Amino acid sequence: MTRDPLLDMSPTTLETAEGEARDLLAGAKANLGFVPNMYTYMANLPGVLSGYLSTYKDFRETTGFTPAEQETVFLTISRVNGCTYCTAAHSMIADKKSGVPADSLAALRDGGDLPDAKLDAVAKFTEAMVVSRGNPGKDAVDAFLAAGYEEKQVLGIVLAIACKTFSNYVNPLAGTPVDDVFGPYKVA
């Protein structure tokens, strides 16, 4: 479902972009094979797209989370923030690329308990961080660490929230349509 945009914002396409925006969009096309709709709205202020891409890359490469744990984090943040675009995109990545089991993916999308204890601990802590705006309480931190995660991974959740803040906030403002590649994973 695409929401009505809150801003009358036009996308900046590869054909209309200039300077840094053009470079960022061209890089996305080279890396992904297409330019996601979300990027075209972020490119209206290149610092937003650059910030998103930088925090996304850093989260993927530096936090020590497995690909399935990474998607658990991104999906949890996107679901809690109500971002239907990101929920669809990360559901596809979880299913096709990151190895999130189907039952865990269904639970993530519904906000339920995950059958995998480690993924469930990641999802619960991530949700606690988002809902509490970074102040989940000592019990939540201790439970996350007791599940086998490290202190740096607590900061990794902060990094993921920063990343998803760019996308989860821009998409409702722009009314970003879900790309066809993510279409089968649209939230009803």
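As the structure is a prediction and not an experimental result, all values here were calculated from the model.
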Criterion side-chain contact (heavy atoms from CB on, under 4.5 Å) on Leu145 and Val154, from CA distance to verdict
CA-CA 8 Å; Leu145 297 174; Val154 172; 4.2 Å; yes
Enumerate donor-acceptor pairs with a distance under 3.5 Å from any side-chain N or O in residues 21-35 to protein atoms, sequence neighbours excluded.
unit_1	atom_1	unit_2	atom_2	d
Arg22	NH1	Leu14	O	2.7
Asn31	ND2	Gly27	O	3.3

With a 4.5 Å cut-off on side-chain heavy-atom distances among I, L, V, M, F, W and Y, is there a chain of contacts connecting Val187 to Leu114?
no
Smallest heavy-atom separation, Gly148 atom then Lys118 atom, equals O-NZ, 3.8 Å
Please list all pairs passing the salt bridge (charged side-chain N to carboxylate O under 4.0 Å, His left out) test where one or both residues lie in residues 61-77, with sequence neighbours left out.
Lys57-Glu61, Arg60-Glu71
Considering all heavy atoms of both residues, which atom of Gly156 and which atom of Thr63 are nearest to each other, and what is their separation?
CA-CG2, 3.6 Å
Suppose we screen for salt bridge (charged side-chain N to carboxylate O under 4.0 Å, His left out). Which residues come up paired with Asp142, at least two apart in sequence or across chains?
Lys138
Are the side chain of Thr40 and the backbone N or O of Asn37 linked by a donor-acceptor pair below 3.5 Å?
yes
Same cluster for Val141 and Val80 if Ile/Leu/Val/Met/Phe/Trp/Tyr side chains link at under 4.5 Å?
yes
The criterion is side-chain hydrogen bond (donor to acceptor under 3.5 Å, both in side chains); which residues satisfy it with Thr87, sequence neighbours excluded?
none
Smallest separation among heavy atoms of Ser167 and Cys83, with atom names
O-SG, 4.1 Å
Transitive ILVMFWY side-chain link Leu45 to Leu173, under 4.5 Å
yes
Give a yes or no on whether Ile77 and Met38 share a hydrophobic cluster (residues Ile, Leu, Val, Met, Phe, Trp, Tyr; joining criterion: side-chain heavy atoms under 4.5 Å apart).
yes
Sequence neighbours excluded, the answer for ring pair (Phe, Tyr, Trp, His ring centres under 6.0 Å) partners of Tyr56 is Tyr52, Phe74
Any luck finding a side-chain donor-acceptor pair between Tyr85 and Asp179 under 3.5 Å?
yes
Residues two or more places apart in sequence or in another chain: which of them pass side-chain hydrogen bond (donor to acceptor under 3.5 Å, both in side chains) with Thr16?
Thr13
Between CG on residue Leu75 and CD1 on residue Ile93, distance to nearest 0.5 Å:
8.5 Å
Count the heavy atoms belonging to other residues, nucleotides or ligands that lie under 6.0 Å from CG of Asp180, then report whether that count exceeds 12.
no
With sequence neighbours excluded, what pairs up with Asp120 under the salt bridge (charged side-chain N to carboxylate O under 4.0 Å, His left out) test?
Lys124
Linked, directly or transitively: Phe182 and Leu108 (ILVMFWY side chains, under 4.5 Å)
no
Quick note, salt bridge (charged side-chain N to carboxylate O under 4.0 Å, His left out) partners involving residues 90-99, not counting sequence neighbours, are none
Rounded to the nearest 0.5 Å, how far apart are NE2 of His90 and OG1 of Thr72?
11.5 Å
Could you check whether any side-chain N or O of Ser50 sits under 3.5 Å from a backbone N or O of Pro46, counting only pairs where one atom can act as donor and the other as acceptor?
no
Which pairs, with at least one residue in residues 75-94 and sequence neighbours excluded, count as a salt bridge (charged side-chain N to carboxylate O under 4.0 Å, His left out)?
Arg79-Glu127
How long is the straight-line distance from OG1 of Thr84 back to NZ of Lys186, given to the nearest 0.5 Å?
9.0 Å
Could you note down all residue pairs passing ring pair (Phe, Tyr, Trp, His ring centres under 6.0 Å) where residues 135-163 supplies at least one of them, sequence neighbours left out?
Phe65-Tyr149, Phe125-Phe144, Phe144-Tyr149
Residues in side-chain hydrogen bond (donor to acceptor under 3.5 Å, both in side chains) with Asn44, at least two apart?
Thr12
Got a sec, which residues hit ring pair (Phe, Tyr, Trp, His ring centres under 6.0 Å) with Tyr41, two or more places apart in sequence or on another chain?
none
Thr55 OG1 to Leu159 CG distance, which is reported to the nearest 0.5 Å
6.0 Å
